[in-house]
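Working notes for the structure below.
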Amino acid sequence: MRTDGWISAVLDGASEQLLALEEQGSFPAELRVSSGVYRSLAGLRARELSAGLPLLVLGTEVTEGPELAASEFRLRP
């Protein structure tokens, strides 16, 4: 199954919300994504993760949320 389409949709939605929050002076600490999105992003950043760095996307730490559907995400303050 190709995943890039829905990963792009998740990142587009998250970046829109992150920008709106940043304009209000708020900077979320966590971007929670579905397991599939998390695995895909972790695969793209495997080298950084193996070096002990956190998984960061859009300047925000990414965590896995198995309860989330593929197209969903949550931002945590």
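This structure is a prediction, so every number in the text was calculated from the model and none was measured.
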Quick one: side chain to side chain donor-acceptor pair (under 3.5 Å) pairs with a partner in residues 64-77, sequence neighbours left out?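 As it turns out, the side chain to side chain donor-acceptor pair (under 3.5 Å) pairs with a partner in residues 64-77, which skip direct neighbours, are Glu30-Arg76, Arg32-Glu67, Ser35-Glu64.
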
If you take all heavy atoms of [X] and [Y], which pair is closest and at what distance?
X	Y	result
Leu49	Leu53	CD2-O, 3.3 Å
Val33	Tyr38	CG2-N, 3.7 Å
Val37	Ala70	CG2-O, 3.6 Å
Leu68	Ser34	O-CB, 3.4 Å

In this structure, would Leu75 and Leu41 fall into the same cluster of hydrophobic residues linked by side-chain contacts under 4.5 Å?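 Shared cluster, yes.
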
Show which side-chain atoms of residues 12-29 pair as donor or acceptor with protein atoms under 3.5 Å away, not counting sequence neighbours.
{"from": "Ser15", "atom 1": "OG", "to": "Leu11", "atom 2": "O", "distance (Å)": "3.1"}
{"from": "Ser15", "atom 1": "OG", "to": "Asp12", "atom 2": "O", "distance (Å)": "2.9"}

Is any side-chain heavy atom of Val62 closer than 4.5 Å to a side-chain heavy atom of Leu56?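 Val62 does not reach Leu56 side chain to side chain.
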
